[in-house]
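Have a look at the structure below before the remarks.
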Amino acid sequence: QVQLVESGGGLVQPGGSLRLSCAASGFGISIYAMGWYRQPPGKQRELVAAITSFGNPNYANSVKGRFAISRDNAKNTVYLQMNSLKPKDTAVYYCNAHWGNRDYWGQGTQVTVSS
């Protein structure tokens, strides 16, 4: 059974940090492009960061310099380190795996940035 399970979300104060994890099962992520998306309240889902199968990252302009995506193919896991968090980063964060016509999503993890 193919699964992506996100963890690490929660409530954090502005300026704080969180590290999200996305553990894959039922398939190997090594050939997949992996991404983190987010959906703020009342808004559409948007790409936050992605990493190719070769390990090349790219980021939305809104998170450049603050977030870092990484992958550990041996652990079948992708991470999103989020620093200097702002209230506008509040959203449900989703993990995505993409290869060819295969597209898998996790169930999401809530990140709330508030004082």
Side-chain angles (χ1 to χ4, degrees):
Q1 181 182 0
V2 170
Q3 260 192 319
L4 293 173
V5 178
E6 301 98 335
S7 61
L11 174 64
V12 63
Q13 291 187 341
S17 298
L18 283 175
R19 188 193 195 204
L20 304 184
S21 299
C22 170
S25 59
F27 72 105
I29 68 169
S30 62
I31 61 172
Y32 284 73
M34 302 297 296
W36 286 96
Y37 289 72
R38 68 186 180 188
Q39 188 164 15
K43 297 185 178 180
Q44 290 187 329
R45 193 174 297 189
E46 61 183 9
L47 176 66
V48 176
I51 186 166
T52 69
S53 58
F54 299 104
N56 297 316
N58 64 85
Y59 301 94
N61 287 334
S62 59
V63 306
K64 278 182 182 176
R66 301 189 297 123
F67 290 12
I69 188 171
S70 60
R71 63 191 299 157
D72 186 335
N73 292 337
K75 294 184 177 180
N76 229 26
T77 301
V78 177
Y79 305 96
L80 184 67
Q81 178 67 44
M82 305 187 294
N83 300 325
S84 302
L85 282 161
K86 305 175 181 181
K88 65 179 181 179
D89 295 317
T90 294
V92 178
Y93 284 70
Y94 297 90
C95 178
N96 172 262
H98 178 77
W99 178 63
N101 63 354
R102 298 181 183 183
D103 204 40
Y104 305 134
W105 291 90
Q107 83 290 347
T109 186
Q110 176 70 47
V111 171
T112 303
V113 185
S114 175
S115 55

**Item:** Within-4.5 Å side-chain heavy-atom neighbours: Arg102 and Val2
**Value:** no
- prompt: In the single-linkage hydrophobic clustering (I, L, V, M, F, W, Y; side-chain heavy atoms under 4.5 Å), do Tyr59 and Tyr37 co-cluster?
  reply: no
Tightest non-hydrogen contact, residues Gly8 and Leu18, listed as O-CD2, 3.7 Å
Indicate yes or no for a side-chain donor-acceptor contact from Glu6 to the backbone of Thr109 under 3.5 Å, with no hydrogens or angles considered. no
In one Ile/Leu/Val/Met/Phe/Trp/Tyr side-chain cluster, 4.5 Å: Leu47, Val92:
yes
When every non-hydrogen atom of Met34 is compared with those of Leu4, the smallest separation belongs to CE-CD2, 4.3 Å
Report task. Check for a donor-acceptor pair, side chain of Asn96 on one end and backbone N or O of Gly35 on the other, with a separation under 3.5 Å. Result -> no
Between Glu46 and Arg38, is there a side-chain heavy-atom distance shorter than 4.5 Å? yes
Tell me if a side-chain donor or acceptor on Tyr79 pairs with a main-chain N or O of Ala68 at a distance below 3.5 Å. no
For Trp36 and Cys22, the nearest pair of non-hydrogen atoms, with its separation, is CZ2-CB, 3.6 Å
### Message
If we ignore hydrogens and angles and just use 3.5 Å, is the side chain of Arg71 paired with the main-chain N or O of Ile29 as donor and acceptor?
### Response
yes
Should Tyr104 and Tyr32 count as side-chain neighbours, where that means a heavy-atom distance under 4.5 Å?
yes
Distance col, row Leu20:CG vs Gln81:CD, nearest 0.5 angstrom, shows 9.0 Å
In this structure, CG of Leu85 is separated from CD of Gln13 (nearest 0.5 Å) by 11.5 Å
Shortest non-hydrogen pair, Ser115 vs Pro14, comes out as N-CD, 3.7 Å
So CH2 of Trp99 and OG of Ser30: to nearest 0.5 Å the spacing works out to 10.0 Å
Ignoring hydrogens and angles, tell me if any N or O in the side chain of Asn76 forms a donor-acceptor pair with the backbone of Phe27 under 3.5 Å.
yes
Can Val78 be reached from Ile31 by stepping across I, L, V, M, F, W or Y side chains whose heavy atoms are under 4.5 Å apart? yes
Shortest non-hydrogen pair, His98 vs Asp103, comes out as ND1-OD1, 3.2 Å
Item to complete: Answer yes if Met82 and Val48 sit in the same cluster of Ile, Leu, Val, Met, Phe, Trp and Tyr residues linked by side chain heavy atoms under 4.5 Å apart, and no otherwise.
Response: yes
query: Counting distance only, does the side-chain N/O of Thr90 pair as donor-acceptor with the main-chain N or O of Val113 below 3.5 Å?
result: yes
In terms of heavy-atom contacts, Ser17 and Ser84 come closest through OG-N, 4.4 Å
What class does the angle between the rings of Tyr94 and Trp105 fall in, given that below 30° is parallel, 30 to 60° is tilted and above 60° is perpendicular? perpendicular
